[in-house]
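A short worksheet on the structure shown next.
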Amino acid sequence: MNSLLTKFAKTAGTALLAFSVLSACSSSPAPATGQPGTEGNAGGNAESTVAISIMTEFNTPEAPGPDNPVLKEFEKKTNTKLNIMWTSPNSYGDKVNLILASGEMPDLVKVLDFNSSLMRQMVKQGAFWDLTPFLKDYPHLMEYPESVWEKTKIDGKNVVIPSVRPLHGGPWMPIVRKDWLDKLQLEVPKTLDDLYTVMEAFAEQDPDGNGVKDTIPLLPRNDLGWAEGVLNNSNGKWKEVDGGLIDTTFEPGTREALLWLNKVYDAGFMPADYAIMKETQSEDLAKSGRVGMYPNTIEAIWRVQAELIKTNPEADFLPLSYLESEAGTYAPSSPGFNGVFLIPKSVPEDKVKKILELMDYGASEEGFALACFGIEGIHYTIDEEGFKVATDQAFKDSVSQSSFGKIFERFDEYLWAYRTGMPKELFERNKAIVDERQSHSVDDPSVGLISESWLKLGPDYTKKMNDLKTKIIMGQEPIEAWDTYVNNLKADKAYMNVIDEMNEAFAARNNQ
């Protein structure tokens with residue numbers, strides 16, 4: 001693949017912010033520069049400007065403003081007026097549910113949870129357009145991997161546009177301060193026992209050199225599922241065994257992970273209040289320079305490192321390529337998408353086609369480069385090796401795959417290897433990590449499968465399960481409470497019916 005991102009590096013920013021609703025200003029139609037659906041034009045001719053409202057999340061310090069030059073350029077290229085509702089990831093799920101339930105939806109709405117029961121119910125009720133008849137006319141969208149289009153079908157139809165992402169390098173894995181490892185003469189950890197040894201050293205041996213035992217060996221955010229993944233060699237709740245799906249809730253590795261995490265917590269190696277920390281709070285803490293391990297995605301850690309190197313040029317967060325246990329080597333793969341876009345049935349058919357035209361332009365190399373890099377001479381320059389170097393204006397205008405790149409997306413295997421402002425050598429190291437993860441990749445076999453019972457009952461089970469896990473990790477409940485809970489689930493007909501339904505769906509897909 002002649003990847004756009006193998007030619008350049010980029011993307012960055014820092015932290016997340018509160019909910020913002022920003023309206024984009026209109027722009028005059030751009031002259032036609034090519035054939036419809038090709039780069040340089042997505043309907044750019046004398047046709048009248050079409051207003052399109054979009055709801056999406058952002059992960060830059062600020063959301064792009066209504067006069068943003070990249071926004072203006074998209075409007076010019078596509079003859080649109082874009083009214084974008086930029087929403088903080090801290091509140092995105094709740095905000096989307098409110099918007100869906102209200103019926104007053106924007107023309108294009110992004111839902112991060114593909115298994116959202118509310119979204120699924122609305123799809124069954126016919127609340128969104130079936131895009132299947134239209135998609136063949138949009139060649140750049142059709143360049144998304146076929147597997148991604150298949151996984152995101154609902155009842156055999158393409159009701160959604162996947163928010164396409166790479167297949168490798170994305171899901172959270174521990175990321176370790178490599179400069180601290182080197183200072184303390186420690187090897188890069190490969191197992192959970194290795195991680196614990198490193199955490200002990202980070203806690204006791206003053207790796208930041210300030211003479212105070214104030215380091216935070218592990219900042220877990222609020223998701224510790226990677227520990228279960230390592231010990232179960234599974235990517236999520238479901239694992240394929242002997243041609244069927246098993247629920248990893250019942251696996252010994254899940255129990256072992258809880259014991260290991262409780263040991264880490266009891267040792268004081270992670271914040272006592274980790275379970276209630278917001279994403280923005282954990283990231284701000286990571287930027288304090290006191291954190292030794294911070295599970296995250298390969299590129300997102302640059303937001304932290306870019307801040308640290310301002311005062312400590314040696315600061316270096318190294319994403320682990322994989323972890324291993326008796327169950328095998330582990331690096332979770334991505335399903336190839338992170339959320340989906342839907343168009344409400346209230347949108348007229350002509351406008352549906354215009355929205356698809358807009359998204360198709362965003363999926364072209366030109367549109368994708370505009371979204372992620374901005375405008376040459378304003379947001380980036382090109383060095384002698386063809387590498388795009390971000391300017392200060394790129395940061396001021398929040399140009400990144402974490403802003404406009406949350407809407408306008410092209411499949412690129414190294415999308416998760418870079419961030420705006422990242423130096424080329426770090427980008428190259430990240431690409432090598434992405435490549436290495438592929439050889440240790442563990443897939444989630446349940447992507448795209450649905451249990452009707454789980455849609456109704458899942459949120460309640462999930463909350464109770466996660467609450468109990470947190471209490472066990474924090475020492476508020478003994479591990480025996482987990483054993484009792486698991487035994488009760490095995491006797492729970494409704495819960496066991498979910499397992500049966502998932503296996504029926506899995507078998508049906510395999511027999512297609």
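Using cut-offs of 30° and 60° on the angle between ring planes, the pair Phe427 and Tyr418 is perpendicular. Classification of the Phe269-Tyr196 ring pair by plane angle, with boundaries at 30° and 60°, yields tilted. Classified by interplanar angle (parallel below 30°, tilted 30° to 60°, perpendicular above 60°), the ring pair Tyr495/Trp454 is perpendicular.
Counting only heavy atoms from C-beta outward, the side chains of Arg429 and Leu318 approach each other to under 4.5 Å. With contacts defined as side-chain heavy-atom distances shorter than 4.5 Å, the pair Leu426/Gln305 qualifies. Side-chain contact between Ile161 and Ile355 is absent, with no heavy atoms from C-beta onward closer than 4.5 Å. With a 4.5 Å cut-off on side-chain heavy atoms, Leu218 and Pro295 count as touching. For the pair Pro207/Thr215, a side-chain contact is recorded, criterion being any heavy-atom separation below 4.5 Å from C-beta on. At a threshold of 4.5 Å between non-hydrogen side-chain atoms, the residues Leu224 and Trp260 do not count as touching. Side-chain contact between Asn430 and Glu299 is absent, with no heavy atoms from C-beta onward closer than 4.5 Å. At least one side-chain heavy atom of Met85 sits under 4.5 Å from a side-chain heavy atom of Pro106.
The environment of Lys471 atom NZ is sparse: at most 12 non-hydrogen atoms of other residues, nucleotides or ligands sit within 6.0 angstrom. More than 12 non-hydrogen atoms from other residues, nucleotides or ligands lie less than 6.0 angstrom from CD of Gln476.
Ring-centre distance between Tyr294 and Phe317: not below the 6.0 Å cut-off. Here Phe114 and Phe337 bring their ring centres to under 6.0 angstrom of each other.
The two residues Pro133 and Lys136 have their closest heavy-atom pair at O-NZ, 2.8 Å. Taking each heavy atom of Val352 and Leu131 in turn, the nearest pair found is CG1-CD2, 4.0 Å. Here the closest non-hydrogen pair linking Asp179 and Asp316 is OD1-N, 3.2 Å. Annotation for Trp180 and Gly289: closest pair CZ2-O, 3.5 Å, computed over non-hydrogen atoms. Nearest heavy atom pair, residue Ala63 against residue Phe58, reads N-CE1, 3.6 Å. Listed here is the closest heavy atom pair of Thr60 and Ser400: CG2-CB, 3.8 Å.
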- request: Might you work through the side-chain contact (heavy atoms from CB on, under 4.5 Å) test for Ile343 and Met359, ending with a clear yes or no?
  value: CA-CA 12 Å; Ile343 303 176; Met359 298 297 279; over 6 Å; no
task: Applying side-chain hydrogen bond (donor to acceptor under 3.5 Å, both in side chains), run through Thr249 and Asp247 and close with a yes or a no.
output: CA-CA 5 Å; Thr249 304; Asp247 181 357; 2.8 Å; yes
task: Show the numbers, then the answer: is there a side-chain contact (heavy atoms from CB on, under 4.5 Å) between Ile246 and Trp238?
output: CA-CA 6 Å; Ile246 64 170; Trp238 302 98; over 6 Å; no
query: side-chain contact (heavy atoms from CB on, under 4.5 Å) between Leu245 and Ile499: does it pass, once the steps are laid out?
result: CA-CA 8 Å; Leu245 295 182; Ile499 298 176; over 6 Å; no
- request: Could you please spell out the steps behind the salt bridge (charged side-chain N to carboxylate O under 4.0 Å, His left out) verdict for Asp460 and Lys464?
  value: CA-CA 6 Å; Asp460 185 51; Lys464 290 178 180 177; 3.3 Å; yes
message: Between Glu187 and Val198, is the side-chain contact (heavy atoms from CB on, under 4.5 Å) condition met? List the steps.
response: CA-CA 9 Å; Glu187 297 294 324; Val198 167; over 6 Å; no
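Distance check: Glu240 CD to Phe506 CZ gives 3.5 Å after rounding to the nearest 0.5 Å. Separation of atoms NE2 (His440) and OH (Tyr322) is listed at 4.5 Å; rounding is to 0.5 Å. Expressed to the nearest 0.5 Å, how far CE of Met502 lies from CG of Leu449 amounts to 5.0 Å. Rounding to the nearest 0.5 angstrom, the gap separating the CD1 atom in Ile301 from the CD1 atom in Ile175 is 4.5 Å. Tyr144 OH to Ser163 OG: the interatomic distance, rounded to the nearest 0.5 Å, is 7.5 Å. The distance from the CG atom of Leu186 to the NZ atom of Lys178 is 10.5 Å, given to the nearest 0.5 Å.
The pair Lys463-Asp467 meets the salt-bridge criterion, with a side-chain N (NZ, NE, NH1 or NH2) lying under 4.0 Å from an Asp/Glu carboxylate O. Using a 4.0 Å cut-off between charged nitrogen and carboxylate oxygen, Arg165 and Glu409 count as a salt-bridge pair. In summary, Lys287 and Glu283 engage in a salt bridge, as defined by a charged side-chain N under 4.0 Å from a carboxylate O.
In this structure a side-chain-to-backbone donor-acceptor pair under 3.5 Å is present from Thr197 to Asp193. Checking side-chain atoms of Thr470 against main-chain N and O of Asn466 turns up a donor-acceptor pair under 3.5 Å. In this structure, the side chain of Thr191 does not engage the main chain of Glu324 through any donor-acceptor pair within 3.5 Å. Using a distance-only test at 3.5 Å, with no hydrogens or angles considered, a donor-acceptor pair links the side chain of Trp129 to the main chain of Val347. Judged purely by atom type and a 3.5 angstrom limit, Lys239 uses its side chain to pair as donor or acceptor with the backbone of Asn232. Here the side chain of Asn235 pairs no donor or acceptor atom with the backbone of Pro332 at under 3.5 angstrom. In this structure a side-chain-to-backbone donor-acceptor pair under 3.5 Å is missing from Ser288 to Asp284. Put simply, the side chain of Gln438 never gets that close to the backbone of His168: no donor and acceptor are under 3.5 Å apart. Asn262 contributes no side-chain N or O that, together with a main-chain N or O of Leu259, makes up a donor-acceptor pair within less than 3.5 Å. Although no hydrogens or angles enter the test, the distance criterion places no donor-acceptor pair under 3.5 Å between the side chain of Thr248 and the main chain of Glu251.
Test Val148, Leu141, Leu167 against Phe411 for side chain to side chain contact (heavy atoms under 4.5 Å, CB included) and you get one pass: Leu167.
Under the 3.5 Å distance criterion, with hydrogens and angles disregarded, no donor-acceptor pair is assigned to the side chains of Asp113 and Tyr92. A donor-acceptor contact closer than 3.5 angstrom links the side chains of Asp443 and Ser333. Neither side chain, Asn233 nor Ser325, offers a donor N or O lying under 3.5 Å from an acceptor on the other. Lys237 and Ser446 are not linked by any side-chain donor-acceptor pair at a separation below 3.5 angstrom, with hydrogens and angles left out of the test. Residues Asn497 and Ser453 have side chains that bring a donor and an acceptor to within less than 3.5 angstrom of each other.
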